[in-house]
Novice: 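Please find one structure pasted underneath; my questions will follow.
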Amino acid sequence: MESEIGTDESVSMAVVRVVSAVEGRDPLSLPPLANVVDTDALDALFDARYDGTQRTGGRLSFVYSKCQITIDNAEFLTLQPLETGRRETSSQDVNDRNTA
């Protein structure tokens, strides 16, 4: 699914909006996006430059709530549901493996 990110909408809010719509869930029932990505950094990455000019280019992909999220140029958000049976690797899982 591809969705346009509104000019007055932060990238992080667009992610939550689209994931909640695709999953048919209330946005408040989703896991916190901040558990996956620094939301301030995400928004700053795609915000206008300090002089107000828009950034061009840029792509970022990450997994959130069983979906592969790709953001292109702060204009489009593509969501692809992950296969059933595949699960996200949390930082806790990685830490557990590293200490074992």
Side-chain angles (χ1 to χ4, degrees):
M1 169 189 188
E2 187 172 281
S3 178
E4 195 167 339
I5 298 172
T7 55
D8 60 341
E9 181 178 38
S10 69
V11 172
S12 59
M13 291 305 295
V15 169
V16 172
R17 174 181 54 82
V18 172
V19 170
S20 68
V22 166
E23 293 188 0
R25 295 172 59 183
D26 183 283
L28 296 176
S29 73
L30 294 173
L33 181 58
N35 288 354
V36 176
V37 65
D38 180 325
T39 54
D40 291 334
L42 175 64
D43 293 336
L45 184 63
F46 292 103
D47 275 347
R49 292 186 172 104
Y50 68 92
D51 64 359
T53 60
Q54 293 298 313
R55 297 180 191 272
T56 57
R59 171 180 267 196
L60 179 69
S61 294
F62 57 91
V63 174
Y64 171 62
S65 188
K66 302 176 189 164
C67 299
Q68 176 72 36
I69 308 292
T70 301
I71 299 158
D72 286 301
N73 200 31
E75 295 176 343
F76 298 100
L77 185 151
T78 305
L79 181 145
Q80 183 174 16
L82 296 175
E83 300 170 15
T84 324
R86 181 177 171 192
R87 86 188 228 330
E88 290 181 49
T89 302
S90 71
S91 59
Q92 183 63 43
D93 293 336
V94 172
N95 289 338
D96 289 346
R97 275 186 255 149
N98 289 337
T99 58

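Values in this document were obtained by computation on a predicted structure and should not be read as measured data. Starting from 1, each residue takes its place in the sequence as its number. Values below: every heavy atom of this structure, side chains too, minus hydrogens, waters and symmetry copies.
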Novice: How far does CD of Glu2 sit from OG1 of Thr78, to the nearest 0.5 angstrom?
Specialist: 4.5 Å
Novice: Can you tell which of Asp43, Asp47, Asp40 makes a side chain to side chain contact (heavy atoms under 4.5 Å, CB included) with Ser10?
Specialist: Asp43
Novice: Counting N and O atoms only, with roles assigned by atom type, does the side chain of Tyr64 sit under 3.5 Å from a partner on the main chain of Val16, one being a donor and the other an acceptor?
Specialist: no
Novice: OG/Ser20 to CG/Leu30 distance, rounded to the nearest 0.5 angstrom?
Specialist: 5.5 Å
Novice: Got a donor-acceptor contact below 3.5 angstrom from the Asp51 side chain to the Thr53 backbone?
Specialist: yes
Novice: Met13 and Ile5: same hydrophobic cluster, using ILVMFWY side-chain contacts below 4.5 Å?
Specialist: no
Novice: Given Leu77, which partner from the list Val11, Thr70, Ile69 fulfils the side chain to side chain contact (heavy atoms under 4.5 Å, CB included) test?
Specialist: Ile69
Novice: Is there a donor-acceptor pair under 3.5 Å between the side chain of Asn73 and the backbone N or O of Gly58?
Specialist: no
Novice: Hydrophobic cluster membership, with links at side-chain heavy-atom distances under 4.5 Å among I/L/V/M/F/W/Y: are Leu60 and Leu79 in one?
Specialist: yes
Novice: Just to verify, what does Glu23 make a side chain to side chain donor-acceptor pair (under 3.5 Å) with, not counting sequence neighbours?
Specialist: Arg25, Ser65
Novice: Measure across Gln54 and Arg49 and return the closest heavy-atom pair with its distance rounded to 0.1 Å.
Specialist: O-NH1, 3.4 Å
Novice: Considering only heavy atoms from C-beta outward, does the side chain of Gln68 approach that of Val63 to under 4.5 Å?
Specialist: yes
Novice: Ignoring hydrogens, what is the shortest heavy-atom contact between Ile71 and Phe62? Give both atom names and the distance.
Specialist: CD1-CE2, 3.9 Å
Novice: For Glu9, what residues pass the salt bridge (charged side-chain N to carboxylate O under 4.0 Å, His left out) criterion, not counting sequence neighbours?
Specialist: Arg17
Novice: Who pairs with Arg59 by salt bridge (charged side-chain N to carboxylate O under 4.0 Å, His left out), at least two apart in sequence or on another chain?
Specialist: Asp72
